[in-house]
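To start, the structure itself, in structure tokens.
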2 protein chains.
Amino acid sequence: MKTTQNIQVAVDAIVFGYSKENGVSVLLIKRKYEPFQGQWAIPGGFVKDEESLEAAVERELKEETGVKINYLEQLYTFGEPDRDPRKRILAVAYFGLVKSAQFEKLKASTDAEEAEWFNIKKLPKLAFDHKKVLRIAIERLRSKIKYQPIGFELLDKKFPFSDLEHLYTTLLDRPIDRRNFKKKISHLKILDELPEKAKSKGAGRPGNLFQFNKSRYNELVRKGLHFEL
Amino acid sequence: MKTTQNIQVAVDAIVFGYSKENGVSVLLIKRKYEPFQGQWAIPGGFVKDEESLEAAVERELKEETGVKINYLEQLYTFGEPDRDPRKRILAVAYFGLVKSAQFEKLKASTDAEEAEWFNIKKLPKLAFDHKKVLRIAIERLRSKIKYQPIGFELLDKKFPFSDLEHLYTTLLDRPIDRRNFKKKISHLKILDELPEKAKSKGAGRPGNLFQFNKSRYNELVRKGLHFEL
DNA sequence: ACTTTATTGCGTGAAAACAACACAAAATAT
DNA sequence: ATATTTTGTGTTGTTTTCACGCAATAAAGT
């Protein structure tokens with residue numbers, strides 16, 4: 001077996017967060033070193049020899065941003081020989097989501113001076129091929145939210161229905177009929193309606209709170225049903 | 001930058017073929033060397049330093065099996081530290097399809113003595129974690145065929161409608177109502193009906209020949225429609 | 001306090017998609 | 001010629017989706 005191969009393996013983490021005020025945002029870091037020093041980039045780094053890819057993602061995220069991920073899946077592997085100007089680096093990109101509550105917690109973190117959330121419609125110039133990587137990640141988020149209940153991973157544990165609606169309209173970039181949307185979601189029976197009401201912030205009638213019921217969802221999947229918006 | 005990392009990068013190619021007689025099959029090779037010498041495995045090999053991942057896949061496939069792929073996409077990257085007993089190998093797995101005409105051409109190939117097609121329901125024992133890899137690939141094929149027109153990549157350029165129907169019943173493992181299926185497909189207007197008829201092999205009325213119209217399909221996609229069985 | 005404004009919650013009818021179903025036509029096999 | 005195999009097509013009842021309007025609840029404005 002040849003051992004002449006000279007490719008470094010890294011992981012990247014494209015992490016999305018959401019809030020009603022800031023919309024759908026992605027976590028970026030400002031690069032401290034060359035190449036692309038000072039530019040914004042997707043967080044990530046090299047994989048250690050004995051470490052799984054997922055462990056590497058979580059470690060790097062913690063080191064660079066202090067953020068703890070709520071949902072993680074593999075996105076795509078970028079392996080073009082010239083992605084990095086110095087040497088060949090293969091990046092296994094992961095796709096992560098954080099709950100609304102976690103979102104914005106950056107300020108509290110110590111290492112996070114150079115990390116920031118950016119609305120996905122107002123992205124800065126990015127290092128390497130990260131523009132392309134991010135485009136693919138956003139595509140995945142947009143399409144996946146239609147047939148997998150990952151939207152709930154972006155909201156708080158308890159949320160008013162309007163938050164869910166707002167998330168979908170924002171992400172899919174089209175208006176949604178609240179009544180039909182409610183019907184569709186509620187007859188899947190994957191949401192529990194809580195007795196409490198949201199405490200109103202701002203004008204308008206306060207909404208009931210809901211909660212995603214994961215075990216109910218898993219049941220449905222076992223029966224071959226599937227969520228689809 | 002540390003260069004102490006010691007991970008080898010390989011590609012694997014899970015290639016599917018189809019024929020009415022043999023059903024949906026996958027291309028495997030018999031390993032010539034340790035570890036797992038003599039066992040069946042997914043074709044693949046190490047990526048060369050200046051070579052793209054896709055190029056590596058095509059090269060290895062040609063070397064090991066003589067098969068030329070018709071459709072190729074990335075499947076998943078397997079990076080667990082202990083996948084290979086000798087040293088850490090990260091495998092970027094690709095998912096490929098060959099046309100029915102190409103299928104079975106193995107015998108003609110010179111290097112292909114140790115390559116064979118296996119019906120996906122009659123798989124042999126596999127080397128490494130290839131059983132898991134294959135399971136994921138089959139899942140992908142099954143689910144993707146429902147919402148992307150990749151089924152046509154498995155058939156000949158011109159095919160009778162019954163072939164399409166047979167492919168779907170086989171792959172989805174459930175009966176399909178011919179009339180409803182025809183209605184659904186034909187009102188998408190992605191098939192051109194050819195004036196010729198299939199020359200009959202065996203009893204029964206010969207069917208008309210059809211052909212997938214890719215540009216028509218792309219139009220539909222642009223308009224936001226989507227294929228779904 | 002009462003009026004205005006913002007937001008939530010619910011129901012109905014029309015249109016489209018889906019599922020179930022049977023028989024005639026064209027070819028080969030005997 | 002007659003039987004057998006396989007293709008091709010149309011109708012109807014049911015279910016799902018889509019479009020749409022109005023009353024209820026609370027905060028904000030006066």
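All values derive from a computational prediction rather than experimental measurement. Chain letters run A, B, ... following the sequence lines, proteins first, then strands; residues in each count from 1.
Around the NZ atom of B:K189, the shell of radius 6.0 Å holds no more than 12 heavy atoms that belong to other residues, nucleotides or ligands. By the 6.0 Å contact criterion, NZ on A:K131 is open, its count of non-hydrogen atoms from other residues, nucleotides or ligands being 12 or less.
For B:S162, the side chain to side chain contact (heavy atoms under 4.5 Å, CB included) partners two or more places apart in sequence, or in a different chain, are B:K20, B:P160. Checked against side chain to side chain donor-acceptor pair (under 3.5 Å), A:K183 has the following partners two or more places apart in sequence or in another chain: A:N180.
Taking all atoms of both residues into account, the shortest heavy-atom contact from B:I176 to B:T169 is N-CG2, 3.6 Å.
Closest-nucleotide positions on DNA chain D for A:E228 and B:G207 were compared, and the one nearer the 5' end corresponds to B:G207. Each of B:L209 and B:G204 has a nearest nucleotide on DNA chain D; the 5'-most of these lies closest to B:G204.
Judged by distance alone, with hydrogens and angles left aside, the side-chain atoms of B:S100 form a donor-acceptor pair with the main-chain N or O of B:Y18 at under 3.5 Å. Using a distance-only test at 3.5 Å, with no hydrogens or angles considered, no donor-acceptor pair links the side chain of B:H130 to the main chain of B:A41. With hydrogens and angles ignored, the 3.5 Å screen pairs no side-chain donor or acceptor of B:K199 with any backbone N or O of B:P206. Using a distance-only test at 3.5 Å, with no hydrogens or angles considered, a donor-acceptor pair links the side chain of A:R140 to the main chain of A:L75. Of the possible donor and acceptor atoms, none in the side chain of B:Y71 sits under 3.5 Å from a partner among the backbone N and O of B:L154.
Less than 4.0 Å separates DNA chain D from no heavy atom of any residue of residues 144-164 of chain A. DNA chain D is contacted by no residue of residues 216-227 of chain B, taking any non-hydrogen atom closer than 4.0 Å. Within residues 174-197 of chain B, the residues having any heavy atom closer than 4.0 Å to DNA chain D are, in order of number, B:R178, B:R179, B:K182, B:K183.
Ion pairing of A:D173 with A:R142 is absent here, as no side-chain N (NZ or NE/NH1/NH2) approaches a carboxylate O to less than 4.0 Å. With salt bridges taken as basic N to acidic carboxylate O contacts below 4.0 Å, none links A:D156 and A:K158.
With axes fitted over five pairs at each extremity, the angle between the ends of the helix from C:dA1-D:dT30 to C:dT30-D:dA1 is 10° (10° resolution).
Put simply, the side chain of A:R205 and the base of C:dT8 share a donor and an acceptor less than 3.5 Å apart.
Using cut-offs of 30° and 60° for the angle between ring planes, the B:Y217 and B:F212 rings count as tilted.
Not one side-chain nitrogen or oxygen of B:N208 sits closer than 4.0 Å to the OP1 or OP2 atom of D:dT7.
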